[in-house]
Amino acid sequence: MKLPTEKPVLVTSALPYVNGECHIGHLRTYVPADIYVRMLRKMGYEVVFVSGSDTHGTPIVLSAEAQGVTPEEVVEKYHEHFRRTFAELNVKFDYFGRTDSETNHKRTAEIVQRLVENGFVYKKVLKQAFCNTCGRFLPDRYVEGECPYCGAVARGDECDQGCSKHLEPGEILEPRCKVCGSKADFKDQEHFFFKLSSFADFLASYLEGLGGTLNARNYAREWVRKELRDWCVTRSLEWGVKFPGREDLVVYVWVDAPIGYISFTEELLKNRGKEEGWQRFWKEDGATVVHFIGTDIIYHHCIFWPAMLKGAGYSLPNAVVASGMVKIDGKTFSKTRGNVVWVSEFLERFHPDALRYFLVAHSSHTKELDFSWGAFATRLNNELVGILGNLVHRVLSFGYKNFGVVPEGVVKEEVLVEIEKAKAEVVRAVEEYEFKKLVDAAMGLANFGNSFFQREEPWHLLKQGEAGRERCGEIVKNVLQIIKAVCVFLDAVLPEKMAEVWEGLGMKTGSAGSDLRSVRLEEAVAEIKSGQRLKKPKKMFERFLATAEGDLKSPQPPSRNKK
RNA sequence: GCCGGGGUGGCCUAGUUGGUUAGGGCGCCAGACUCAUAAUCUGGAAGUCGCGGGUCCGAACCCCGCCCCCGGCACCA
């Protein structure tokens with residue numbers, strides 16, 4: 001998707017559901033979104049980046065009960081956890097809110113009210129399981145019983161262990177409460193439905209013009225093609241946003257969660273003193289809205305969400321970018337089976353930039369990403385240490401030792417051509433949401449830097465008198481130019497490390513000193529100034545577990561036995 | 001079953017308006033260099049591009065049939 005330059009861009013990243021800790025699977029969405037935002041800024045766009053905690057829903061209520069605390073306490077704990085984790089990884093939101101905020105309650109109530117007024121909501125009586133022991137209605141997935149078709153033990157909404165048929169509420173036999181195990185009764189209860197079915201034509205044409213990745217559109221198109229069923233948008237719960245006029249019902253969490261995108265925009269702009277500024281993004285079609293999500297929630301973002309917005313008279317998102325899921329050693333993520341890598345565990349041992357790098361370098365954004373310690377070690381050692389770290393370290397060391405500053409000399413045409421080539425690929429990568437291509441382009445340039453330095457053998461020139469020293473300086477300057485460009489291209493991926501290198505190049509000193517983060521992409525081809533003071537470099541990344549034998553084939557994961 | 005994605009040297013993978021010797025990375029082998037974290041650079045071996053037909057002067061790429069893998073099929077956050 002080519003982005004329009006005249007409008008500001010709002011980028012959102014899926015809301016983490018705050019009932020557990022952050023694992024690297026979460027990061028597959030947040031890190032690329034952050035990289036995207038940083039790149040857009042380098043390309044001159046005005047960007048706002050928001051996200052926040054998804055705080056409602058049954059799982060949080062039950063998890064709170066299990067811990068003997070209130071839902072607020074659970075939310076508070078993990079909200080803080082995610083906020084801190086994102087900060088550690090340099091995923092820098094302009095605003096990170098939570099869906100239980102007053103703003104979101106108000107906005108949700110307003111939107112639901114609109115849907116009601118516009119005739120898109122109707123009442124219907126449902127049979128719902130009620131546990132007398134727990135004293136509450138049970139969502140279908142928390143009901144256990146016998147499948148009426150095959151007799152297997154089944155869940156209220158589907159026969160998950162037997163014939164895998166979808167079960168309608170009330171169909172299941174011998175219902176029991178999954179929480180306490182006691183018998184459950186079905187009772188009639190009034191609920192509200194959203195007329196999703198009446199949005200089929202709208203969605204079909206909306207999807208045709210939707211930007212973002214192909215996987216999102218493909219899935220959504222198929223769902224629309226089949227049949228859209230109306231959607232029950234209320235739940236019998238205490239915790240959540242009350243359905244207007246009904247104290248006994250809250251709206252389904254998938255209603256108030258995406259509305260969080262709007263509320264967070266409101267809260268952010270209010271903080272900036274622009275009380276009504278959010279309308280530009282959500283009411284007036286005055287902005288480009290891009291949602292970063294995982295493939296697991298395409299349905300909600302490409303079907304429910306645009307239908308809700310349309311029905312309530314809001315403007316619509318322009319793009320949905322869906323990242324593939326993360327696997328560990330080829331197997332699906334599973335907390336219960338221990339097949340998971342926690343971010344905190346990772347950061348105990350490695351620099352956050354290394355994780356950011358791996359998450360985008362290892363696979364195409366829309367494809368699944370298979371994490372393994374071996375694969376991580378290979379990329380870290382060969383690419384971050386071998387190609388990038390080595391280039392920076394060898395050239396900066398050499399330059400620092402022999403010149404102390406960026407030497408005099410002309411930047412060769414050959415070098416500028418390579419940088420321009422990489423720059424074009426970087427821009428294309430961002431437009432295609434293919435962050436691996438961005439990394440590949442930048443690493444390709446670093447590779448070129450290594451070959452160039454090697455080929456010219458400046459260490460020999462140094463021994464050839466004054467003329468040799470001059471030619472040597474020119475070679476060094478050329479490679480420093482390449483490193484400068486690499487910094488610009490990889491700043492979005494490795495913000496801390498590239499900023500250090502930028503400083504090492506002397507870019508921050510002097511009257512024309514610049515901050516890498518706020519520099520434009522064009523800076524990559526701007527000549528590095530001779531005379532800038534170089535700094536003695538430090539190692540960028542340490543190799544991952546080189547044993548005495550140098551065997552890197554089966555590195556031990558860090559503290560894997562940790563619970 | 002339906003739909004989507006994919007099957008390219010040991011492994012991962014690029015490659016759509018079909019066209020000279022199918023590109024890259026990992027691993028492997030050989031050599032070079034010593035500025036650099038036993039890092040780097042150069043070269044090399046290795047591929048019936050899932051199977052079978054077809055269209056074409058020519059197909060990994062187009063058409064037909066088939067096989068295999070992954071994912072989705074909704075109210076689960």
Side-chain angles (χ1 to χ4, degrees), chain A residues 14-20 54-60 62-63 139-142 155-158 160 164 166 169 191 193-194 196 214-215 217-223 225-235 252-255 257 295-300 303-304 324-325 327 330 332 361-364 366-368 370 374-375 378-379 381-402 436-437 440 443-444 447 449-462 472 475-476 479 537-543 546 549-550 552-553:
Chain A
L15 312 185
Y17 193 67
V18 285
N19 73 336
D54 182 6
T55 62
H56 297 308
T58 311
I60 282 176
L62 293 179
S63 146
D140 290 330
R141 60 181 296 224
Y142 289 103
R155 242 168 46 179
D157 53 347
E158 71 166 325
D160 57 337
S164 76
H166 170 76
H191 275 287
F193 279 72
F194 174 57
L196 187 61
L214 195 60
N215 54 350
R217 253 164 295 153
N218 281 346
Y219 282 128
R221 201 176 289 151
E222 171 60 11
W223 283 315
R225 190 183 68 77
K226 279 180 167 171
E227 189 202 358
L228 294 173
R229 289 190 222 148
D230 290 342
W231 179 38
C232 181
V233 290
T234 46
R235 292 294 184 273
Y252 177 41
V253 65
W254 267 111
V255 173
T295 50
D296 54 340
I297 52 177
I298 288 172
Y299 195 84
H300 309 88
I303 305 286
F304 291 158
M325 297 286 102
K327 292 198 166 187
T332 307
H362 195 53
S363 131
S364 159
T366 55
K367 291 190 177 162
E368 114 192 338
D370 190 7
T378 301
R379 292 209 179 262
N381 294 341
N382 291 339
E383 299 171 17
L384 290 178
V385 176
I387 297 173
L388 182 63
N390 184 237
L391 173 71
V392 169
H393 198 252
R394 74 195 297 203
V395 176
L396 241 45
S397 297
F398 188 83
Y400 172 79
K401 201 186 305 170
N402 297 302
K436 176 171 170 48
K437 285 187 181 170
D440 286 348
M443 292 307 270
N447 237 323
N450 271 322
S451 314
F452 183 88
F453 196 69
Q454 187 90 17
R455 188 182 78 201
E456 300 292 339
E457 302 187 319
W459 49 90
H460 280 164
L461 294 172
L462 212 49
C472 171
I475 298 305
V476 171
V479 188
K538 290 181 290 191
K539 286 182 184 178
M540 191 181 289
F541 294 98
E542 293 289 339
R543 291 176 66 81
E549 294 76 37
L552 299 171
K553 282 175 189 159

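Below, read A as the first sequence line, B as the second, and so on, with proteins coming before strands; counting in each chain starts at 1. Keep in mind that what you see is a predicted model, and the values were worked out from it rather than measured.
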| Could one point to a donor on the side chain of A:W254 or the base of B:rC75 with an acceptor on the other under 3.5 Å away? | no
| request: Under 4.0 Å between any heavy atoms, over every strand shown, what does A:R225 touch: base, sugar-phosphate, or nothing? Just pick one. | output: sugar-phosphate
| Residues two or more places apart in sequence or in another chain: which of them pass ring pair (Phe, Tyr, Trp, His ring centres under 6.0 Å) with A:F194? | A:F199
| said: As a test of reading the structure: which of B:rG4, B:rG72, B:rC33 is closest to the side chain of A:N218, going by heavy atoms? | reply: B:rG4
| note | Walking RNA chain B from its 5' end, the first of A:I303 and A:K437 to be reached, judged by nearest nucleotide, is A:K437
| said: The side chain of A:S451 is closest to which nucleotide in this list: B:rA77, B:rC41, B:rC70? | reply: B:rC41
| Spacing of A:L214 atom CG relative to B:rU16 atom P, expressed in whole Å | 14 Å
| request: Tell me what A:L228 touches on the nucleic acid: a base, only sugar-phosphate, or nothing, going by heavy atoms under 4.0 Å. | output: base
| Contacts of A:H362 that satisfy ring pair (Phe, Tyr, Trp, His ring centres under 6.0 Å) - sequence neighbours left out | A:F358
| task | For nucleotides B:rC12 and B:rC28, find the distance between their C1' atoms and express it as a whole number of Å. | result | 16 Å
| message | Does A:G57 reach a base, just sugar-phosphate, or nothing at all? Heavy atoms under 4.0 Å. | response | nothing
| query | If you look at every strand shown and take non-hydrogen atoms under 4.0 Å, does A:D54 touch a base, only sugar-phosphate, or nothing? | reply | sugar-phosphate
| said: Strictly below 4.0 Å: does A:N447 bring a side-chain N or O up to OP1 or OP2 of B:rG24? | reply: no
| said: Once salt bridge (Lys or Arg N to Asp or Glu O under 4.0 Å) is applied, do any residues pair with A:E457, and if so which ones, sequence neighbours excluded? | reply: none
| message | I want to confirm an ordering. Mapping A:E457 and A:E222 to their closest nucleotides on RNA chain B, which one lands closer to the 5' end? | response | A:E222
| field | ring pair (Phe, Tyr, Trp, His ring centres under 6.0 Å) against A:F193, all qualifying residues, sequence neighbours excluded | value | A:Y122
| message | My understanding is that only residues two or more places apart in sequence, or in another chain, count here; which of them pass salt bridge (Lys or Arg N to Asp or Glu O under 4.0 Å) with A:R217? | response | none
Using the 3.5 Å cut-off, write out each protein N or O paired with an N or O of nucleotides 6-9 of chain B and the distance between them.
none

| side chain to side chain donor-acceptor pair (under 3.5 Å) partners for A:H191, two or more places apart | A:Q128, A:Q189, A:T234
| query | A:F541: what forms a ring pair (Phe, Tyr, Trp, His ring centres under 6.0 Å) with it, not counting sequence neighbours? | reply | none
| What does A:R235 touch in the nucleic acid at a heavy-atom separation under 4.0 angstrom: a base, only the sugar-phosphate, or nothing? | sugar-phosphate
| B:rG44 versus B:rC26 - spacing of their P atoms, nearest Å | 15 Å
| task | Once you apply the 3.5 Å cut-off to both distances, tell me the Watson-Crick or G-U wobble partner of B:rU21, or none. | result | none
| said: Distance check, P atoms only: B:rC3 and B:rC41, in whole angstrom units. | reply: 48 Å
Distances under 3.5 Å only, N/O to N/O: pair up the protein atoms with those of nucleotides 34-37 of chain B.
unit_1 : atom_1 : unit_2 : atom_2 : d
B:rU34 : OP1    : A:H460 : NE2    : 2.8
B:rC35 : O2'    : A:R394 : O      : 3.3
B:rC35 : O2     : A:R394 : NE     : 3.1
B:rC35 : N3     : A:R394 : NE     : 3.4
B:rC35 : N3     : A:R394 : NH2    : 2.6
B:rC35 : N4     : A:R394 : NH2    : 3.1
B:rA36 : OP1    : A:K401 : NZ     : 3.4
B:rA36 : O3'    : A:H393 : ND1    : 3.0
B:rA36 : O2'    : A:N390 : ND2    : 3.1
B:rA36 : O2'    : A:H393 : ND1    : 3.3
B:rA36 : N1     : A:R394 : NH2    : 3.3
B:rA36 : N3     : A:N390 : OD1    : 3.4
B:rA36 : N3     : A:N390 : ND2    : 3.3
B:rA36 : N3     : A:R394 : NE     : 3.2
B:rU37 : N3     : A:F541 : O      : 2.7
B:rU37 : O4     : A:M540 : N      : 2.9
B:rU37 : O4     : A:F541 : N      : 3.1
B:rU37 : O4     : A:F541 : O      : 2.9

| B:rA77, B:rC2, B:rC26: which one has an atom nearest the side-chain heavy atoms of A:N382? | B:rC26
